[in-house]
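For reference, positions follow the sequence shown, starting with 1.
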Amino acid sequence: MEDLPDAEVPHTDPVPPRFHTGRLPNSKAGDGKPRLLLMGQRRSGKSSISSVVFHKLPPSETLYLETTTRIKKESMHSFMDFQVWDFPGHLDYFDPAFDVDNIFEEIGALIWVIDAQDEYLEAIMRLNTTILNLQHSYPNINVEVFVHKVDGLSEDYKGDTFRDIIQRVQDELSDHGYENAPVSFYQTSIYDHSIFEAFSKVIQKLIPQLPTLEALLNSLCSTCHIEKAYLFDIMSKIYIATDTSPTDIGSYEICSDYIDVVIDVSEIYGWPRGEQNGEDESLTETGNNDAESLITMERKGNNYLYLREINKYLALICLMGDDSPAEKKAVIDYNVGVFQAALKQVFPRAERDAVDAPAA
């Protein structure tokens with residue numbers, strides 16, 4: 001913790017970093033924003049994923065989305081500005097007509113979506129072809145495979161399908177000499193929290209400061225006897241960091257649902273943040289300047305949920321133990337304030353005003 005002022009600078013490592021560059025995510029010295037490229041076969045669910053995660057579209061309404069016929073580019077303004085590119089399933093990205101460097105030069109992660117309810121052999125073949133083509137010019141690229149629409153499969157068939165896809169991808173890459181290609185696999189569905197959990201893991205790989213964030217959360221948890229702590233991006237419900245204790249989907253679901261409640265209440269009862277540093281008020285988000293809550297929930301006994309808005313992009317949510325935190329709330333508030341001050345050093349621009357452009 002003594003080197004905290006320099007925490008935003010990634011440590012020098014002989015192993016090349018797996019995030020898109022060694023720069024700060026929002027550094028003005030950078031030549032672009034990290035990109036999340038959504039690729040896969042037609043009707044695999046790419047546009048539905050983007051709409052549910054980044055635009056809060058109810059999953060039931062994704063049935064009416066039209067098929068993507070051209071590359072859709074959207075900028076997301078949050079604690080880390082990034083772009084989401086949605087690619088049509090029929091395009092050959094390595095055709096000479098496409099500028100491959102322009103597509104992949106600022107990539108953060110390549111997310112390949114496979115429809116688990118459909119015939120997936122062709123999707124696997126195209127995925128492996130893409131990985132092999134990229135390994136020559138972009139060997140450190142993060143490839144994230146979403147085995148999607150698993151909600152419609154039985155538990156046994158879901159597991160068998162997931163293992164079969166992993167085996168087929170890894171076998172073909174091994175046959176071409178790539179034993180340890182950076183490929184990760186996730187089971188996802190837009191009808192539960194699995195898609196947000198998967199995106200959380202993807203985004204965390206793009207954050208050079210992740211070890212520092214985890215160390216701060218570990219310190220907070222041990223000091224305040226917190227069972228689990230998450231640092232959430234408020235609008236997308238993606239958690240950018242958590243402490244190193246085991247994560248279970250149940251605790252994440254509770255925290256994620258609680259954010260929905262807080263956002264809904266803030267939209268009704270909140271007030272505009274007002275102009276800051278002379279920026280156009282139309283570019284600011286609305287909501288409470290500070291949001292905090294303490295409620296009792298029945299989950300394996302009495303558990304307390306604590307939420308504190310860190311800035312207009314991030315919120316800290318903690319699951320407390322059986323001991324009543326109401327008696328120690330002042331101490332918890334103080335320690336969370338220390339955490340908040342440390343976070344400003346880790347992300348020097350975390351409270352910047354969104355002056356580049358309004359959110360898409």
Side-chain angles (χ1 to χ4, degrees), residues 10 15-27 30-41 44-54 68 71-87 89 91 93-94 100-114 123 126-148 165-166 169 173 178 180-188 190 194-211 213 233 236-241 360:
V15 179
R18 290 183 57 181
F19 39 84
H20 77 296
T21 67
R23 298 184 299 272
L24 264 174
N26 285 315
S27 174
D31 53 1
K33 302 173 184 177
R35 297 173 188 165
L36 303 181
L37 305 187
L38 285 168
M39 295 182 174
Q41 300 290 85
S44 59
K46 303 182 296 298
S47 298
S48 298
I49 290 173
S50 177
S51 298
V52 169
V53 174
F54 299 109
T68 303
I71 300 176
K72 295 171 60 177
K73 305 176 184 179
E74 297 178 306
S75 294
M76 301 299 164
H77 298 278
S78 184
F79 78 100
M80 177 178 75
D81 288 345
F82 58 92
Q83 295 179 322
V84 179
W85 289 24
D86 185 1
F87 284 77
L91 291 184
Y93 322 112
F94 298 97
V100 177
D101 289 335
N102 183 49
I103 295 175
F104 296 102
E105 65 182 353
E106 273 297 323
I107 191 171
L110 167 60
I111 301 172
W112 193 277
V113 183
I114 296 178
R126 289 194 62 194
L127 168 62
N128 283 328
T129 301
T130 301
I131 295 174
L132 293 173
N133 283 330
L134 291 175
Q135 284 295 313
H136 297 292
S137 302
Y138 307 95
N140 297 314
I141 187 173
N142 290 327
V143 181
E144 317 289 347
V145 181
F146 287 6
V147 181
H148 196 49
I165 290 174
I166 294 176
V169 172
L173 292 178
Y178 295 100
N180 298 307
V183 183
S184 302
F185 298 84
Y186 310 86
Q187 298 183 70
T188 61
I190 59 174
S194 59
I195 189 65
F196 296 97
E197 175 85 11
F199 259 105
S200 298
K201 304 290 187 183
V202 171
I203 292 294
Q204 287 171 26
K205 294 181 182 179
L206 308 181
I207 304 175
Q209 306 92 331
L210 182 62
L213 294 177
D233 175 65
S236 66
K237 295 193 299 184
I238 291 172
Y239 68 90
I240 68 167

Exercise for the section: Just do the side-chain hydrogen bond (donor to acceptor under 3.5 Å, both in side chains) check on K205 and S184 with the steps written out, would you? Expected result: CA-CA 11 Å; K205 294 181 182 179; S184 302; 2.7 Å; yes

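In this structure, Y186 OH and I111 CD1 are separated by 9.0 Å, a value rounded to the nearest 0.5 Å. Rounded to the nearest 0.5 Å, atoms CG (D86) and CE (M39) are 10.0 Å apart. Here the OG atom belonging to S50 is positioned 6.5 Å from the NZ atom belonging to K72, to the nearest 0.5 angstrom. How far OG1 of T188 is from CZ of F196: 11.5 Å, rounded to the nearest 0.5 Å. Note that OH of Y239 and CD1 of I203 are 12.5 Å apart. Values are rounded to the nearest 0.5 Å. Expressed to the nearest 0.5 Å, how far CG of L37 lies from CZ of F87 amounts to 5.0 Å.
Using a 4.5 Å heavy-atom cutoff, the side chains of I165 and I114 are in contact. Between L206 and L36 the shortest side-chain heavy-atom distance falls below 4.5 Å. Inter-residue side-chain proximity for F199 and Q204 is flagged as unmet; no heavy-atom pair is nearer than 4.5 Å. The shortest side-chain heavy-atom distance between I131 and Y178 does not fall under the 4.5 Å cut-off. The closest side-chain heavy-atom distance from V183 to V145 is below 4.5 Å. Between F146 and I195, some side-chain heavy-atom pair lies under the 4.5 Å cut-off.
A search for side chain to side chain donor-acceptor pair (under 3.5 Å) contacts involving N128 returns E172, not counting sequence neighbours. For Q83, the side chain to side chain donor-acceptor pair (under 3.5 Å) partners are R35, W85, not counting sequence neighbours.
Between Q41 and A123, the shortest heavy-atom distance links the atoms CG-CB, 3.5 Å.
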